[in-house]
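Just so we're on the same page: letters track the sequence lines, and every chain starts at 1. The shown structure was predicted, so the numbers you read here are calculated from the model rather than taken from an experiment.
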Amino acid sequence: MEDLNVVIAGAAGEGVQTVGEVLVETILGHGYAVFAWQEFESRIRGGQNSYTIRISEKPANAPVMGADILLALNDGAADKYGPLIQKDGILIAEKKIRDRMIPIAFSDIAEKELGNRIYINTMAIGALAAAIGMNPEILYKVLSQKFAKKGEPVVATNRIAAEKGYLLAREGCQGICPWSLPERDTRYRLLSGTTAIAMAAALAGCRFMAAYPMSPSTGIITFLAENEKEFGVFTEQAEDEISAVNMAIGASFAGARAMTATSGGGFALMVEAVSLAGMIETPLVIILGQRPGPATGLPTRTAQGDLLFAVHAGHGEFPKLVMAPADATDILRQIVRAFNLADRYQIPAIVLTDQFLMDALYSIEEIHPDQYVPEFHLADPAIIDDYHRYHVTETGISPRLYPGQSRHLVTADSDEHDFRGHITEDLAKTVPVMVEKRLAKHRELKTAIRPPEEVDVERAERILVGWGASRSALLEALELLEKNGNRTGMIHFTEMWPLPEYRFPEGKSYWSVENNATGQLARLLRSEYGIVFSGEIHRYDGLPLTGSYIQEKLQW
Amino acid sequence: MVKIDDYKNDVPVQWCPGCPNFGILNALKTALTALEKMPHECCLVSGIGQAAKLPHYLKCNFFNGLHGRAIPAATGIHVANPRLTTIVVTGEGDCYGEGGNHFLHALRRNPDITVVVHNNEFYALTKGQASPTTRIGEKRSLQIHGVEIAPLNMPAVAIVHDCTFVARGFAGDVDHLKTLLVEAIGHPGLSFVEVIQPCITWGTHPVSWYRERIYTLGKDYDPADRKAALEKTMETGQKIATGILFRAAPRKLFAARFRQEITDRPFAEIKPVSPQTVTHF
Ligand SMILES: Cc1ncc(C[n+]2csc(CCOP(=O)(O)OP(=O)(O)O)c2C)c(N)n1
Ligand code: SF4
Ligand SMILES: [Mg+2]
């Protein structure tokens, strides 16, 4: 089967998300993989939003711009997203406005025959089921599960609505819907970036999360609050990001694995505390969900614009870790790793994600949480005689205890301090030693960092260089380019700082590909490795990079 | 038996000789001794300022964090390890200025911590600027024409917002301050002690100026009477009341529900969730 792309478009409050979710469930019930991603305006009602579902036999977790089938829930949505419809694609909407479309009077039928406009959504899902060529029985099962709590009459009317949509669309489909989804035995599991982060944090042993609401990161603390019984993470909505991060640092000092999550603006407020965590050598994990800036920017859109901000965050010189997972599965690995490394080196760790990655739904064959093992590095108070929190060692790592754990006293001081944690102004002896001690950890940490992923680097002459969540788009670009006879390779970074020991192969033409306007990765790599880029591809319109976007930019 | 010497350490004190901050330090040490708290059972939390240096001058666990951020840090510490006696020592610049928002929200949360604010009406460490409690008209190093904006009355704010223990002490009366601290530390929920701490280096008024105006609330004063308490906090200028200004029955503690439903142990003692929990979710 060729991949099939379905776009659902409508105003906020019109049920775009509901239609998308039910459809996704139904597709999974047929044994197919989906990749779903959303783009929406920063408002609660109105505007125009879309929910894109890519259907494939094997997981194809990369975004595509383009619709084989567009469902428009209002006229404006049909106008705005109409251009996405492919040559052989179709539109499903209320009014006949083009060839190759199925007009259905959703509002009229819902109001007059079903007695309420709320059934528009279910009818529309029925219509999509017909256009895609699905087994309606599977849809009915999904719907009855979804509405079970609301009682039998609601389930029954929804079934009638779905049937109506299905039958009307099947009629309208004559000759224009070549698609079908024969049932398969495979069952995929769905995981959003947000859920992956929250579950991985719990898996890593995180016990404390404080945050201040900010898109796209709010979902993490919400998930942990909703599932407090299962995951046992204490959550608190702080009065601001400064409080959130200082609470997390306090909790971590007191022995809890702790984290916070925010976006660029909130992270800006946290930066003083990033430096604090570096100075007092307290582990901390911060999720930085990127969205386009500057300032408030585009609150609900995506970008990779905060790489250099994260790498340079914090006054003074101290070690920190910056990671940028590629997708939902990679998040599971990287989040647990971020907690482990933050704990081992007693440093702040910043995990860069973005709106696209957080809100996207990835299909996964199986997850293997047992592969991501939390490692704890607290010292054993019983084997320590005379405890000094900042005892100087070769690696720079001092044994860490928490207050109240034993008779040993545990200290933290944001002033420059001596090995006991007391304020010092001993410039001759203590200060340089403490500076070097902290920086020794940076060198140690660097040896733990993994090299970037290489794809086809040997065979290809042109290499795309990217980072974070655009990995799937880069891979898709390689495939599209290969089809056109342009073999291209990829080097992809997910561990951003410290940068690993690595040699870029010589004699290649490197192109950086980034979801920002200034090529921040390119700048970082130039300064670290001295490599030269032949060109840079930037996308900075608030939408994610896609394979075809990259391919088009590369056609010269 | 805990002795006051258990709290003694050898860190050279950076305060000016004779600073009333020493009185607060002594009162705190005696209070902790009286409460039979061992140094490792307590965690002092501070921000930045002269006052905030206090945790260095006694033996105990401490977290000397960022300017203004002692309360969030203490909140996190207390949630993560409820067995610790967590005490914030801070200046009025630290607590009402840079960290004012956190103070307000701590009143809402009601964590079981004690907040001791050294109020010297100055930013002492940064060399004598006005602070949020400097009286209108008084000159400061930066406010050379006299302060033109009104001072904050945080004890009143705390009383209005249901803080169940609000007291005012005087750094020049160590015994009385000690009894206030004993009560405050023993009180469940957020307890707030503002301490009048004349700064003898920058100060416009000598310690005697405060002594003349300060009086101790007597047996006839009922700290359960919120209206009377608010009136006391409004007595500014010529008369300054010290003692327990307001005390109410403890109310629900921050994190109480979590402690009841999930765990009341220090978080460091709890094993992470099993991989199965994640697989089957
Ligand atoms: C973010 C930040 N801003 C400013 C300062 C400088 N600073 C240090 S202490 C202080 C004021 C302290 O006043 P207060 O809390 O009343 O303490 P005092 O020195 O009077 O005891 C200021 C402004 C700082 N350390 N950090
Ligand atoms: S400057 Fe004032 S408050 Fe600071 S130590 Fe000296 S006398 Fe005390
Ligand atoms: Mg002061």
Original post:
Is the B/F267 ring parallel, tilted or perpendicular to the A/F208 ring (thresholds 30°, 60°)?
Top reply: tilted
**OP:** Look only at the side chain of A/R189 and the backbone of B/T279, and say whether a donor-acceptor pair between them is shorter than 3.5 Å.
**Re:** yes
Original post:
Is the shortest side-chain N to carboxylate O distance from A/E239 to B/R108 below 4.0 Å?
Top reply: no
**OP:** Among the options A/A254, A/A412, A/A238, pick out the one with the most heavy-atom pairs lying under 4.5 Å from chain B.
**Re:** A/A412
**OP:** Output yes when A/D413 and B/K53 qualify as a salt bridge under the 4.0 Å nitrogen-oxygen rule, no when they do not.
**Re:** no
Subject >> Candidate pair A/E228 and B/R257, rule side-chain contact (heavy atoms from CB on, under 4.5 Å), full reasoning >> reply: CA-CA 11 Å; A/E228 185 189 75; B/R257 189 195 53 75; 2.8 Å; yes
Original post:
Which answer fits B/Q14, side chain, backbone, both or neither, if we ask what part of it has an atom under 4.5 Å from a heavy atom of chain A?
Top reply: side chain
**OP:** Between chain A and each of B/R69, B/K59, B/H56, count heavy-atom pairs under 4.5 Å; write down the option with the most.
**Re:** B/H56
Subject >> Check: A/H422 ring centroid to B/F62 ring centroid under 6.0 Å >> reply: yes
Original post:
Given the rule in the salt bridge (Lys or Arg N to Asp or Glu O under 4.0 Å) test, do B/R109 and A/E236 qualify, once you have shown the distances and angles that lead to the verdict?
Top reply: CA-CA 10 Å; B/R109 288 194 183 97; A/E236 175 65 0; 2.6 Å; yes
Original post:
Does any heavy atom of chain A fall under 4.5 Å from the side chain of B/F281, the backbone, both, or neither of them?
Top reply: both
Original post:
In terms of heavy-atom proximity below 4.5 Å to chain B, should A/T195 be classed as side chain, backbone, both, or neither?
Top reply: neither
Subject >> Heavy-atom pair count under 4.5 Å with chain B, highest-scoring of A/A273, A/G421, A/A204, A/S414 >> reply: A/S414
Original post:
What residue, out of A/L276, A/D370, A/V245, has the most heavy-atom pairs lying under 4.5 Å from chain B?
Top reply: A/L276
Subject >> Under-4.0 Å salt bridge between A/R407 and B/E41 >> reply: no
**OP:** Between chain B and each of A/G404, A/P403, A/S406, count heavy-atom pairs under 4.5 Å; write down the option with the most.
**Re:** A/P403
**OP:** Measure the acute angle between the ring planes of B/F63 and A/F253, then classify it against the limits of 30° and 60° as parallel, tilted or perpendicular.
**Re:** perpendicular
Subject >> Heavy-atom pair with the smallest gap, counting every atom of A/Y402 and B/A268 >> reply: CE2-CB, 3.3 Å
Subject >> Part of A/Y372 within contact of chain B (heavy atom distance under 4.5 Å) >> reply: neither
Subject >> CA sep, side-chain torsions, deciding dist, call: A/R420, B/V11, side-chain contact (heavy atoms from CB on, under 4.5 Å) >> reply: CA-CA 10 Å; A/R420 297 181 303 173; B/V11 176; 3.9 Å; yes
Original post:
Is chain B contacted by the side chain of A/H417, its backbone, both, or neither, given a heavy-atom distance below 4.5 Å?
Top reply: neither
Original post:
Under the 3.5 angstrom rule, does the side chain of A/R207 hit a backbone N or O of B/K271 as a donor-acceptor pair?
Top reply: yes
